[in-house]
K.L.:
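Mind looking over this structure? Questions follow.
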Amino acid sequence: MHNIVCIKQVPDSAQIRVHPVTNTIMRQGVPTIINPYDLFALEAALGLRDRFGGEITVLTMGPPSAEESLRKALTYGADRAVLLTDRCFAGSDTLATTYALATAIRKIGKEYGPANLIFTGKQTIDGDTAQVGPGIAKRLGVGQLTYVAKVRSVDVANETIEAERRSEGGVQVLHTRLPCLITMLEATNQIRRGAMADALRAARAKIVKWSAQDAGVEDISKCGLKGSPTVVKRVFAPPARAERAALVESAEQPAQALIDAIFLNQPKLETDLATLARDARSGLSGQC
Amino acid sequence: MSKVSKTAMPAGAGRGAAKKELPEHFKSYKHVWVFVELERGQVHPVSWELMGTGRGLADRLKVNLAAVVVGPEGQHTRNAALEAFCYGADLAYLVSDNVLSDYRNESYTKALTELVNTYKPEILLLGATTLGRDLAGSVATNLSTGLTADCTTLDVDADGSLAATRPTFGGSLLCTIYTLNYRPQMATVRPRVMPMPARVMRDAARIVVHPLGLVEDDIVTKVLSFLPDRDAETSTLAYADVVVAGGLGLGSPENFRLVRELAALLGAEYGCSRPLVQKGWVTSDRQIGQTGKTIRPKLYIAAGISGAIQHRVGVEGADLIVAVNTDKNAPIFDFAHLAIVSDAMQLLPALTAAFRARLLPDSRARIAV
């Protein structure tokens with residue numbers, strides 16, 4: 001099997017700070033990480049390689065510094081890393097990103113053998129769109145299984161796969177043909193500790209770096225800002241509510257004071273809450 | 001790749017600010033559409049929430065609001081189309097075929113892509129559910145148009161363009177996104193973000209039936225079975241009337257029980273902010289905010305939560321937001337209604353005791369520790 005895992009280097013969002021005066025993102029010193037959702041995709045691919053053998057190629061699009069994330073992926077055990085990096089990709093929205101990634105995936109197929117499965121995380125923590133996986137699948141003309149909780153089985157000879165997909169109110173068990181794209185659900189596995197041998201290999205490994213031209217991009221107007229139908233017009237911090245929160249102050253009985261303030265603010269809540277509390281005590285559930 | 005260049009971008013200095021004339025072939029794209037999500041005979045409530053939003057946009061643009069209903073033949077699908085009129089639709093597009101009895105990307109993408117290409121809407125809204133996101137990403141790619149995920153505000157500006165606002169940078173800022181030169185302008189919105197409009201009994205007006213043009217053999221993916229969730233409890237957080245949540249201010253995972261105890265007394269649901277899920281203190285189904293659940297309770301009590309934007313957008317629909325935080329400058333005090341500067345670890349047990357005394361006067365009041 002040859003499986004491709006798409007990853008993204010993202011700023012560690014827990015560390016992002018917004019400048020209080022200019023409302024701009026303060027990126028200085030914010031560490032970058034592999035998008036945490038992508039690690040579930042990578043582990044799913046590693047698990048399949050344990051069972052069926054073969055190779056894993058990790059792919060990312062980003063600035064040259066994204067090499068760091070690819071190297072990290074190699075320490076977990078991926079076999080090969082491809083970095084798609086070119087100024088012309090800057091400012092890509094999800095549609096332009098899927099064009100570039102799908103082109104690179106085709107090229108990977110030509111260079112290193114066609115892929116059976118393409119994995120992505122369900123979304124990224126910086127963009128949170130969940131649109132890139134489905135977009136890649138559509139551009140490659142392959143099927144997609146999104147929000148996959150579990151790959152039940154793969155029949156490599158007959159090129160089929162059976163997987164459990166999270167949907168509203170339950171799990172769909174789906175059967176489809178390879179190649180296909182999987183977006184992996186979170187908390188479905190745990191990324192392994194890489195072996196020492198992998199860490200040593202990763203440190204020395206040569207990362208394959210492709211420009212748009214190297215990857216075989218034919219239409220540069222579909223890349224970057226130019227290829228992006230969406231336009232970000234404004235980035236801003238939301239204004240505070242016109243009236244700032246009313247401060248409840250009571251050194252003696254703060255809890256009592258707070259409850260008085262709640263019921264003063266929303267008088268009807270007192271009867272609602274009393275009903276809820278009585279129901280809760282008698283073991284009834286249900287909302288008012 | 002990031003949408004914003006590496007140098008920090010001042011508010012208002014967006015990219016591509018120059019608007020070109022809309023290409024001629026897109027000028028005939030008119031009207032606002034809402035995709036009505038039907039799964040196993042049930043309409044997802046987010047679809048009706050979006051009908052309310054879509055109605056507002058259509059009125060501003062002086063165009064029609066259409067519901068798009070895709071599903072198997074039969075009463076459930078038909079009823080969903082009829083019901084859409086009670087939530088404000090002027091007309092409905094209906095694709096019903098037994099090939100559509102389960103959601104599958106191929107068949108639904110074909111149905112929706114063809115409807116758009118045939119009837120040409122200017123705006124297309126979908127719920128940001130697992131189904132809606134799966135479908136929207138595929139349809140937008142087919143149509144090579146813009147799609148903005150998880151919007152928290154939808155508006156039309158003076159020239160009639162859809163202004164879609166969503167959190168960005170992991171929810172630390174908001175951004176407004178336009179799809180200027182492509183149609184339709186697509187957006188998804190998460191459940192509970194928009195208020196549920198009132199249902200008004202109305203007769204169905206026009207229903208346009210469109211064929212699917214696909215047979216089962218054309219579809220590669222087969223549904224082998226559906227395993228319904230046993231644990232229905234996880235889904236009630238979004239719809240709870242009272243929610244108590246805790247954040248990093250609780251100090252340690254053990255202290256999260258203080259949140260659960262107050263919630264249990266009030267018959268409320270409990271939740272948490274994103275860092276607690278990332279630290280593994282609480283399971284992800286309890287996360288409130290942009291990437292977790294959006295809630296619209298009558299009362300929301302946030303204990304030890306600083307109030308990052310990604311949390312704020314998930315709770316702003318609450319009637320009354322009560323914030324407990326030791327930091328009087330915490331951002332949560334910018335959007336809470338009631339604030340108390342206090343340590344959640346001390347206040348929560350006192351609050352539980354005081355609520356018990358007030359709401360259950362016949363129960364023997366226990367002394368708070």
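Reminder, nothing fancy here: chain letters follow the sequence lines and each chain counts from 1. For clarity, every value in this text was computed on a predicted model and none was experimentally measured.
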K.L.:
Kindly compute the distance separating CG (B:Asp102) from CD (A:Gln172), expressed to the nearest 0.5 Å.
P.N.:
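It is 6.0 Å, given to the nearest 0.5 Å.
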K.L.:
So for B:Gln310, is it side chain, backbone, both, or neither that comes closer than 4.5 Å to the heavy atoms of chain A?
P.N.:
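Neither part; nothing is under 4.5 Å.
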K.L.:
B:Ile219, B:Asp319, B:Val220, B:Val322: which one forms the most heavy-atom pairs within less than 4.5 Å of chain A?
P.N.:
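Heavy-atom pair counts peak at B:Val220.
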K.L.:
Between A:Leu269 and chain B, with a heavy-atom cut-off of 4.5 Å, which part of the residue counts as in contact: side chain, backbone, both or neither?
P.N.:
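For A:Leu269, side-chain heavy atoms alone lie under 4.5 Å from chain B.
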K.L.:
With side chain to side chain contact (heavy atoms under 4.5 Å, CB included) as the criterion, how do B:His337 and A:Gln266 come out once you've worked through the C-alpha distance, each side chain's angles and the decisive distance to 0.1 Å?
P.N.:
CA-CA 11 Å; B:His337 302 95; A:Gln266 297 273 329; over 6 Å; no
K.L.:
Under 4.5 Å from any heavy atom of chain A, what part of B:Val223 do you find: side chain, backbone, both or neither?
P.N.:
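Contact with chain A is through both the backbone and side chain of B:Val223.
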K.L.:
If I measure from the heavy atoms of chain A, does B:Asn142 come under 4.5 Å with its side chain, its backbone, both, or neither?
P.N.:
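Interface part for B:Asn142: both.
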K.L.:
Give the member of A:Arg165, A:Gln253, A:Gln9, A:Glu186 that has the highest number of heavy-atom pairs under 4.5 Å with chain B.
P.N.:
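The option with the most such pairs is A:Arg165.
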K.L.:
Picking from B:Pro167, B:Ala336, B:Ala323, B:Pro275, which has the most non-hydrogen pairs under 4.5 angstrom with chain A?
P.N.:
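Max contact count across the listed options: B:Ala336.
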K.L.:
Of the backbone (N, CA, C, O) and the side chain (C-beta and beyond), which part of B:Ala140 lies under 4.5 Å from a heavy atom of chain A, both, or neither?
P.N.:
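The backbone, not the side chain.
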K.L.:
Measure distances from B:Thr109 to the heavy atoms of chain A and classify the residue's part below 4.5 Å as side chain, backbone, both or neither.
P.N.:
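Side chain only.
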K.L.:
In Å, rounded to the nearest 0.5 Å, how long is the span from CD1 of A:Ile125 to OG1 of B:Thr291?
P.N.:
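The distance works out to 9.0 Å.
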K.L.:
How many angstroms lie between atom OG1 of B:Thr221 and atom NE2 of A:His175, to the nearest 0.5 angstrom?
P.N.:
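B:Thr221 OG1 to A:His175 NE2: 9.5 Å, rounded to 0.5 Å.
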K.L.:
Give the minimum heavy-atom separation between B:Tyr182 and A:Pro229, together with the two atoms involved.
P.N.:
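Closest heavy-atom pair between B:Tyr182 and A:Pro229: CD1-CB, 3.4 Å.
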K.L.:
Tell me, side chain or backbone of A:Phe263 under 4.5 Å from chain B's heavy atoms, or both, or neither?
P.N.:
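Contact with chain B is through the side chain of A:Phe263 alone.
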K.L.:
Sort A:Ile262 into side chain, backbone, both or neither according to what part of it lies under 4.5 angstrom from a heavy atom of chain B.
P.N.:
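Answer is both: backbone and side chain atoms of A:Ile262 are under 4.5 Å from chain B.
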K.L.:
Who among A:Ser167, A:Ala137, A:Pro238, A:Gly127 has the most heavy-atom pairs with chain B under 4.5 Å?
P.N.:
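Of the options given, most contacts go to A:Pro238.
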K.L.:
Below 4.5 Å from any heavy atom of chain A, which atoms of B:Thr283 appear? Answer side chain, backbone, both or neither.
P.N.:
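Looking at B:Thr283, nothing touches chain A.
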K.L.:
So which part of B:Phe333 gets closer than 4.5 Å to some heavy atom of chain A, the side chain, the backbone, both or neither?
P.N.:
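Interface part for B:Phe333: both.
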K.L.:
Could you tell me which of A:Gly143, A:Pro134, A:Ala245 has the largest number of non-hydrogen atom pairs under 4.5 Å with chain B?
P.N.:
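So the answer, after comparing A:Gly143, A:Pro134, A:Ala245, is A:Ala245.
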K.L.:
Does B:Leu147 offer a backbone N or O that forms a donor-acceptor pair with the side chain of A:Gln131 under 3.5 Å?
P.N.:
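Judged by distance alone, yes, a pair lies under 3.5 Å.
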K.L.:
With a 4.5 Å limit on heavy-atom distance, are the side chains of A:Asp272 and B:Asp241 in contact?
P.N.:
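When only atoms from C-beta onward are counted, B:Asp241 and A:Asp272 do not touch, as no gap falls below 4.5 Å.
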K.L.:
Check whether A:Gln256 reaches the backbone of B:Ala354 with its side chain - one donor and one acceptor, N or O, closer than 3.5 Å.
P.N.:
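It does not hold such a pair.
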K.L.:
Using a strict threshold of under 4.0 Å (side-chain N to carboxylate O), is an ion pair present between B:Arg166 and A:Asp128?
P.N.:
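Here A:Asp128 does not pair with B:Arg166 in a salt bridge, since their nearest N and O are not under 4.0 Å apart.
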K.L.:
Please report the interatomic distance OH(B:Tyr103) to CG(A:Leu174), rounded to the nearest 0.5 Å.
P.N.:
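Nearest 0.5 Å value for the OH-CG distance: 10.5 Å.
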K.L.:
Supply the atom-to-atom distance A:Glu168 CD to B:Thr130 OG1, rounded to the nearest 0.5 angstrom.
P.N.:
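Going from CD on A:Glu168 over to OG1 on B:Thr130, the span is 4.0 Å.
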K.L.:
Is it the backbone or the side chain of B:Glu106 that comes under 4.5 Å from a heavy atom of chain A, or both, or neither?
P.N.:
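B:Glu106 has no heavy atom closer than 4.5 Å to chain A.
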K.L.:
Any salt bridge linking B:Arg358 with A:Asp260? Criterion: basic side-chain nitrogen under 4.0 Å from a carboxylate oxygen.
P.N.:
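Looking at B:Arg358 and A:Asp260, the cut-off is met.
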K.L.:
Relative to chain B, which segment of A:Leu95 carries a heavy atom at a distance below 4.5 Å: side chain, backbone, both, or neither?
P.N.:
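Just the side chain, heavy atoms under 4.5 Å.
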K.L.:
Specify which of A:Thr98, A:Ile259, A:Val132 makes the most heavy-atom pairs with chain B at under 4.5 Å.
P.N.:
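Among the listed options, the one with the most contacts to chain B is A:Ile259.
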K.L.:
If you count heavy-atom pairs under 4.5 Å with chain A, which of B:Ala308, B:Ala136, B:Ser144 comes out on top?
P.N.:
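Heavy-atom pair counts peak at B:Ser144.
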K.L.:
Tell me the closest heavy-atom pair linking B:Leu347 and A:Pro254, and the distance in Å.
P.N.:
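Closest approach of B:Leu347 to A:Pro254, heavy atoms only: CD1-CB, 3.8 Å.
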K.L.:
For the interface with chain B, which of A:Thr176, A:Val248, A:Val173 has the highest count of heavy-atom pairs at distances below 4.5 Å?
P.N.:
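Among the listed options, the one with the most contacts to chain B is A:Val173.
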K.L.:
Report which part of A:Glu249 has an atom under 4.5 Å of a heavy atom belonging to chain B: side chain, backbone, both, or neither.
P.N.:
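Answer is neither: A:Glu249 stays 4.5 Å or more from chain B.
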K.L.:
Show the nearest heavy-atom pair for residues A:Val232 and B:Cys175, with the distance to one decimal.
P.N.:
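Smallest heavy-atom distance, with atoms named: CG1-CB, 4.0 Å.
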K.L.:
Between B:Leu266, B:Asp134, B:Thr179, B:Thr129, which shows the greatest number of heavy-atom pairs under 4.5 Å with chain A?
P.N.:
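Looking at each of B:Leu266, B:Asp134, B:Thr179, B:Thr129 in turn, B:Asp134 comes out on top.
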K.L.:
I'd like to know which of B:Thr145, B:Leu131, B:Ile301 tops the heavy-atom pair count under 4.5 Å against chain A.
P.N.:
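Most heavy-atom pairs within the cutoff with chain A belong to B:Thr145.
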K.L.:
Is B:Glu37 close to chain A through its backbone or its side chain, or both, or neither, when contacts mean heavy atoms under 4.5 Å?
P.N.:
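Contact with chain A is through the side chain of B:Glu37 alone.
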K.L.:
If you apply the rule salt bridge (Lys or Arg N to Asp or Glu O under 4.0 Å), what do you find for A:Arg166 with B:Asp229, and how did you get there?
P.N.:
CA-CA 10 Å; A:Arg166 160 89 353 230; B:Asp229 290 333; 2.8 Å; yes
K.L.:
Where does B:Asp150 contact chain A at under 4.5 Å (heavy atoms): side chain, backbone, both or neither?
P.N.:
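Only the side chain of B:Asp150 comes within 4.5 Å of chain A.
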K.L.:
Working to the nearest 0.5 Å, report the span between OG1 of A:Thr146 and CG of B:Asn105.
P.N.:
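That separation rounds to 7.0 Å.
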K.L.:
Do you know which of A:Thr129, A:Ile161, A:Thr271 has the most heavy-atom pairs under 4.5 Å to chain B?
P.N.:
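Heavy-atom pair counts peak at A:Thr129.
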K.L.:
Need one label for A:Glu270: side chain, backbone, both or neither, based on atoms under 4.5 Å from any heavy atom in chain B.
P.N.:
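Both parts, backbone and side chain.
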K.L.:
Side chain, backbone, both or neither: which part of B:Leu348 has a non-hydrogen atom closer than 4.5 Å to chain A?
P.N.:
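Neither part.
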